[in-house]
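Only this structure's heavy atoms are used, side chains among them; waters, hydrogens and symmetry mates stay out.
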Amino acid sequence: MSQARSHWSNRWTFMLATAGSAIGLGNIWKFPYMTGVNGGSAFVLVFLACIAMVGIPLMMCEIMLGRRAQRNPIDGMHALAQEAGSSRHWKWVGVMGLVAGILILAFYSVIAGWILHYVVEAARGSFIGMDGERSASAFQQFLASPLELAVWHTIFIGMTLGVVARGVNAGLEQANKILMPSLFAILLVLLGYSMSVGDFQAALHFMFTPDFSKVTPTAVLSALGHAFFSLSLGMGAVMVYGSYLQRHVSIARTSIYIALADTLVGLLVGIAIFALVFANHLEPGAGPGLIFQTLPIAFGRMPMGTVMGVLFFVLVAFAAWTSAISLVEPAVAWITENSRLTRKQSAWLIGIADWLLGIAVVLSFNLWQDIRLLFGLGIFDTLDKLTTTIMLPLGGLCMAVFAGWYMKTSHVAEELDISPLAYRAWRFTIRYISPLAIVAIFLYLTGLL
């Protein structure tokens, strides 16, 4: 089951690209505030267990499907179903993942635009002397300006499609070779800064001193859901990256490395952020406003706060950029492989569609804020709920069921190439534990559990 296609130059470029897909706003924006809201270290411990028991086996599954198929997710699932003697309707799993990626980028690019705006605001010294009221007011004024939001959204879409249009090696690979090492370098600088001027001991205590009274069913389900989403599972991005992977590379080993890198970034960012938050007597459980309203106050009060504020938001921008690239890659790969359009034309076609959808998201924060779509939600919240609550868990569930119950055991074992004991453990997980975990995530997110 192979056809002529581009491949990563080596294992490390695949790991950088896939880690770049996983390391995004979920790690740097969502993980710290979820840790704060759910009581710190108890949530971290549960999250780490969920990564090990659910996240890594599912990542191995999705990479395995991609490498076995050597195609985009739609054609890949169709080909794998044919090979397994199963229904051709499995291709709709690929279709759903591809559509989910396009829809997610529509609102992801708007949020990433906020990050770019805050890079500029930090560089201008806007955080100096900022208090809670002024920070909240500045953020609300920014959201109320459709033109400003649209400009930053447009810039980010252009940045993303500019990389994807260049192809696997010249685009995805080269961008991740630069962005991922830069991201880690900036993170280490910020961590060192937090150690010197922040309350580092309080941050470590908050993140790593267990308080099992805080381990509630809600915290467990939140950790399980975040473990799934933080690794970019269920939408075909990891599958299409896996389709560019050479045969000799160990799927199990690289999956573990990617999950470790993804988790490490979340933990280090959390330590850096909470050290600054505690040093300034701010609220660690500030929720989604943590980096847009709470951190600007901290940077405005601290020595070298302007420089560190710029570095922090550049770090977040890099993380968002590498993830956005992976969101659009499945759709671009499918169009390129099924039409006469070049890769560049395919990329800009998807880019225009996402830009238009993103404009609707921009307007949902101001001029169209009273418009309600599915579930009685606004445009932004509808897209978020439709993708992260329904499409991604369903996509992950279908991939686990297909790999665990429909693919031939010999084909799966051949791709994974792990010891018999490890394979039995993985197969049991992917057949029973992963589907149950995903169903629990779905029920929790839809409010049914």
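When the shell of 6.0 Å around CZ of Arg134 is examined, it contains more than 12 heavy atoms from other residues, nucleotides or ligands. Other residues, nucleotides and ligands contribute at most 12 non-hydrogen atoms within 6.0 Å of the NZ atom of Lys344. Shown here is Arg253, whose CZ atom has no more than 12 heavy atoms of other residues, nucleotides or ligands within 6.0 Å.
Rounded to the nearest 0.5 Å, atoms OG (Ser109) and NE2 (His153) are 4.5 Å apart. For the atom pair CG (Asp262) and CG (Leu231), the distance works out to 5.0 Å, reported to the nearest 0.5 Å. The structure places CG of Leu179 at 11.5 Å from CG of Leu315, a figure rounded to the nearest 0.5 Å. Here the CZ atom belonging to Phe299 is positioned 11.5 Å from the CE atom belonging to Met304, to the nearest 0.5 angstrom. Atom CD1 in Ile74 sits 10.5 Å away from atom CD in Glu337 (nearest 0.5 Å). Note that CD1 of Ile441 is 8.5 Å distant from CG of Leu221, once rounded to the nearest 0.5 Å.
Under a 3.5 Å cut-off, the side chain of Thr322 and the backbone N or O of Asn176 do not form any donor-acceptor pair. With hydrogens and angles ignored, the 3.5 Å screen pairs no side-chain donor or acceptor of Glu148 with any backbone N or O of Phe142. Between the side chain of Arg71 and the backbone N or O of Ser243, no donor-acceptor pair lies under 3.5 Å. At distances below 3.5 Å, at least one donor-acceptor pair connects side-chain atoms of Asn366 with backbone N or O atoms of Leu143. Using modelled atom types, no side-chain atom of Thr336 and backbone atom of Ala333 make a donor-acceptor pair closer than 3.5 Å. In this structure, Thr387 contributes its side chain and Asp384 its backbone to a donor-acceptor pair below 3.5 Å. For Thr263 (side chain) and Leu260 (main-chain N/O), no donor-acceptor pair under 3.5 Å exists by modelled atom type. Remark: side-chain polar atoms of Gln369 are not paired, donor with acceptor, to backbone N or O of Leu363 under 3.5 angstrom. A distance-only check finds no donor-acceptor pair linking the side chain of Arg11 to the backbone of Trp8 [under 3.5 Å]. A side-chain donor-acceptor contact under 3.5 Å links Thr154 to the backbone of Ala150.
By the 4.5 Å heavy-atom criterion applied to side chains, Ile390 and Lys385 are not counted as neighbours. The side-chain heavy atoms of Met308 and Val189, taken from C-beta on, include a pair separated by under 4.5 Å. Residues Val197 and Leu276 form a side-chain contact, since some pair of their non-hydrogen atoms from C-beta on lies under 4.5 Å apart. Contact annotation: the side chain of Leu116 approaches that of Met159 to within less than 4.5 Å [non-hydrogen atoms, C-beta and beyond]. The shortest distance between side-chain heavy atoms of Cys61 and Trp426 falls below 4.5 Å. By the 4.5 Å heavy-atom criterion applied to side chains, Leu373 and Leu377 are not counted as neighbours. Within the 4.5 Å cutoff, no side-chain heavy atoms of Trp334 are placed close to those of Val240. A heavy-atom distance below 4.5 Å is not found between the side chains of Leu204 and Phe274.
With ring centers used as reference points, Tyr241 lies 6.0 Å or more from Phe14.
Scanning both residues, Asn10 and Trp12, for their nearest heavy atoms gives OD1-N, 3.0 Å. Of all non-hydrogen atoms in Asn280 and Ala298, the two that sit nearest each other are ND2-CB, 3.7 Å. Considering all non-hydrogen atoms of both residues, Ile430 and Pro435 come closest at O-CD, 3.3 Å. Annotation for Met60 and Ser255: closest pair CG-OG, 3.4 Å, computed over non-hydrogen atoms. Among all heavy-atom pairs drawn from Ile258 and Met15, the shortest one is CG1-O, 4.1 Å. Of all the heavy atoms in Met53 and Thr429, the pair that sits closest is O-CG2, 3.3 Å.
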Before you tell me yes or no, could you show the steps for Ile51 and Ser230 under side-chain contact (heavy atoms from CB on, under 4.5 Å), namely the whole-Å CA-CA distance, both residues' side-chain angles and the distance that decides it to 0.1 Å? CA-CA 9 Å; Ile51 285 285; Ser230 73; 4.1 Å; yes

### Task
Apply side-chain contact (heavy atoms from CB on, under 4.5 Å) to Ile291 and Ile115, showing your working.
CA-CA 9 Å; Ile291 73 168; Ile115 304 295; 4.1 Å; yes

Step-by-step side-chain contact (heavy atoms from CB on, under 4.5 Å) determination, Ser323 to Ser21
CA-CA 4 Å; Ser323 290; Ser21 171; 5.5 Å; no

Pair Phe313, Trp114 - check ring pair (Phe, Tyr, Trp, His ring centres under 6.0 Å), show working. CA-CA 10 Å; Phe313 284 105; Trp114 301 357; over 10 Å; no

- Under the side-chain contact (heavy atoms from CB on, under 4.5 Å) rule, what do Phe228 and Leu58 come out as? Steps first, then yes or no, please. CA-CA 8 Å; Phe228 180 83; Leu58 279 170; 3.9 Å; yes

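By the 30° and 60° cut-offs, the orientation of the rings of Phe278 relative to Phe206 is perpendicular. Classification of the Phe156-Tyr108 ring pair by plane angle, with boundaries at 30° and 60°, yields tilted. Note on ring orientation: taking the six-membered ring where Trp is involved, the planes of Phe43 and Phe47 are parallel (angle under 30°, cut-offs 30° and 60°).
A salt bridge links Glu329 with Arg343: at least one charged nitrogen is closer than 4.0 Å to a carboxylate oxygen.
Judged purely by distance below 3.5 Å, without hydrogens or angles, the side chains of Ser9 and Glu173 pair a donor atom with an acceptor atom.
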Anything under 3.5 Å between a donor and an acceptor, one on a side chain of residues 123-130, the other on a protein residue two or more places apart or in another chain? List them.
residue : atom : partner : partner atom : Å
Arg124  : NH1  : Glu121  : OE2          : 2.8
Ser126  : OG   : Glu121  : O            : 3.3
Ser126  : OG   : Glu121  : OE1          : 3.0

